[in-house]
Protein chains: 2
Amino acid sequence: MNNLTLEDIAEQCGVSRSTVSRVINNHPNVSKKARMLVQEVINQTGYQPHAAARALVSNRSWTVGLILPRSVNSFFTDPYYPSLIQGIAQACSSSDYTFTLFLMREKEDEERIFHRISRRGFLDGILLQSDNIGDSLIDKLILSDIPLTVLGRPFKSGNISFIDINNVESVEKAVDYFIETEHKRIGTITGPLNTTVGIDRKQGYMNSLLKHGFTVDKDLIAEGTFTEESGYLGMLEILKAKPDAVFTASDQMALGAMRAMSENGLRAPDDVAIIGFDDFPLQMPAYPPLSTIRQPIDEFGNEALRMLIDIIENGTEPARRVILKTELILRGTTRKRIN
Amino acid sequence: MNNLTLEDIAEQCGVSRSTVSRVINNHPNVSKKARMLVQEVINQTGYQPHAAARALVSNRSWTVGLILPRSVNSFFTDPYYPSLIQGIAQACSSSDYTFTLFLMREKEDEERIFHRISRRGFLDGILLQSDNIGDSLIDKLILSDIPLTVLGRPFKSGNISFIDINNVESVEKAVDYFIETEHKRIGTITGPLNTTVGIDRKQGYMNSLLKHGFTVDKDLIAEGTFTEESGYLGMLEILKAKPDAVFTASDQMALGAMRAMSENGLRAPDDVAIIGFDDFPLQMPAYPPLSTIRQPIDEFGNEALRMLIDIIENGTEPARRVILKTELILRGTTRKRIN
DNA sequence: TTCTATATTGGGAGCGTTCCCAATATCTCA
DNA sequence: TGAGATATTGGGAACGCTCCCAATATAGAA
């Protein structure tokens, strides 16, 4: 590796350290001639400023951390996390931020991770995935005054900047669609009800039902964990109550639900219509293409980072809030609307 | 955040900066009394050394980067990458290294990423996933002299440190098992044959066949891409040649293969026995539990990082090489061995 | 007790930047 | 052409740490 310093480049150019620094940082007050000369030498030598030196004096590390508090299992199974990571990694790359990842497996990791991320000069900001477990980290993080953006609505949203999608509303619309297409017994397999996503999506379901004068039937509601397996189990439960449409809070659960249906000789959408949630690339062997609510995951990563950078640059007050829109994608597991 | 410096702590303790530094870095020459006093004050104040300052003077960032050159798609679908990330993130966390992630989507990213990671004082070392695309990065990386460990055998393994699993040997054993259990027409769905994993696993398959005096029948070999879909398609091909056993180079492909079988009214292991590769937590709806070759992914992450740290600390020469063992797991998709 | 060996401590220098201000070069307009 | 304004440049100081060496305290031996 080349160990050139600013001063070396300066010498080669016959200018001062300061001028080279100005060229690198695109400061205005440099003569065209000098700028070109320096640029030339930099290109030739492949000089790169020393990250740590820069970080020390500028008090910016140009590094952000993503903390995922989820349990190990769903990290593998649920395409959500890979997608999220992908989206954020990419956003970081475009903004020339370094992306560091912290996986919290157990409760004990919390203390340890907190200790690490609160090292001064280490992270410029933090993206924290909202979660029933992780939320206890929020308080500490808030106190430590490090720029923070929470991904997904946190339980106590008091003065916290967060980004979310319109869970309630989008599910409400999906269930509205069931009702418009003449379904009478509409069930749902919810996400975990100790998470805000789980709660919000269930709320959307109830909103629609209530709005249309339906009664909420407990036998048509099962709590899942976003996994295929839990969708399967949930559907087995609900099937007893003879649903004609089911909204599942994730595509994975939709998959499981359809497996349960298939085992009982039922097909979507004729016997039971299905709408899922996510619309990530997913393998759906042997089933009709899934109607679902599309979650804009790339945009989510982008906006989350953008918010965080804004907080880094302009301070944590006032708390920011961004709600992204979803889209109902009608495919093969729902009835066509009668015009 | 607290903005204490070494000097502040020193003052509070009535000792010098140097003594505090020695306590923090566990240097020997500190009196018991002083050490305890300093430790006490550090604990009370929650002082943390400034990461950048430390990195600047010690020329160590305590950060390693993982570069994944894979195409986007398989990043979502294939549990391999999340598992790998998880394993390495954890290993980093235990060793107090920071884990940064670089996702290479397109060929153009290569130049950009290379530029970023070669910033001085930025990364102490790099873990690079071997890949037909990414391998062109290796040469640059080698030249740039940054500590590098390649994950999976690289094409040109000349003087490169890498870690791999015993692909050839383990597949050979799996196919041996097919032969021991009286199978006669053994097929395989390979990984992509422009990757070393793909090549090696196919080699293992051929080794076993040849060793036992079987002839290699092209009609019993299909090239896949590790995805469920490609397993499905591959199996459809192979089925024409009437196999009685198939080794698939990933569990996902095994899944697809079994879907193809199921559509043709065939069952494992009676009609066609199946052995997969990976044994990551996987959802296998409605099929018998999969016999497979277990890949020690956590150990892989650990060992990879351990190797990298060794290179960081003791220099890049000589090239290290570690081959991890796999394990054949016999479950429901293979015949029982007759004793 | 006194001298020497050893354990402990303190402070200067330096890591490679950025920021700031003073110094110098260049331009503008009367 | 010259004074003043403006554009450009250079170098000191600082960021917070580690390393090194010299200074001091302490212990051990005679």
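So you know, we letter chains A, B, ... as the sequences are listed, proteins then strands, and number each from 1.
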From the options [options], select the nucleotide whose nearest atom is closest to the side chain of [X].
{"X": "A:His27", "options": "C:dT17, D:dC17, C:dC19", "value": "C:dC19"}
{"X": "A:Asn25", "options": "C:dG16, C:dT18, D:dG10", "value": "C:dT18"}
{"X": "B:Arg54", "options": "D:dT18, D:dG16, C:dT17", "value": "D:dT18"}
{"X": "A:Thr5", "options": "D:dT9, C:dT17, D:dG16", "value": "C:dT17"}

Over how many whole Å does the gap from [X] atom [atom1] to [N] atom [atom2] extend?
{"X": "A:Lys33", "N": "C:dC27", "atom1": "NZ", "atom2": "P", "answer": "11 Å"}
{"X": "A:Leu56", "N": "D:dA13", "atom1": "CG", "atom2": "P", "answer": "18 Å"}
{"X": "B:Arg60", "N": "D:dC17", "atom1": "CZ", "atom2": "P", "answer": "18 Å"}
{"X": "A:Arg22", "N": "D:dA7", "atom1": "CZ", "atom2": "C1'", "answer": "11 Å"}
{"X": "B:Ile42", "N": "D:dC17", "atom1": "CD1", "atom2": "C1'", "answer": "13 Å"}
{"X": "B:Lys32", "N": "C:dT9", "atom1": "NZ", "atom2": "C1'", "answer": "18 Å"}

Practice task
Look at the side chain of A:Thr19 and the backbone N and O of A:Val15, then say whether any donor-acceptor pair between them is shorter than 3.5 Å.
Solution key: no
Handout entry: Residues A:Arg60 and A:Asp124 bridged, charged N to O under 4.0 Å
Key = yes
If you measure only the distance, is there a donor-acceptor pair under 3.5 Å linking the side chains of [X] and [Y]?
{"X": "B:Asn26", "Y": "B:Arg35", "answer": "no"}
{"X": "B:Asn159", "Y": "B:Glu317", "answer": "yes"}
{"X": "A:Arg321", "Y": "A:Ser161", "answer": "no"}

Problem - Base C:dT18 to side chain A:Arg17, donor-acceptor N/O within 3.5 Å cut-off - result: yes
Practice task
Ignoring hydrogens and angles, answer whether the base of D:dG11 and the side-chain atoms of A:Ser16 contain a donor-acceptor pair closer than 3.5 Å.
Solution key: no
Exercise for the section: Respond yes when some side-chain nitrogen or oxygen of A:Tyr47 is under 4.0 Å from OP1 or OP2 of C:dG16, and no when none is. Expected result: no
Problem - Distance test, side-chain N/O of A:Thr19 to OP1/OP2 of D:dG10, below 4.0 Å - result: yes
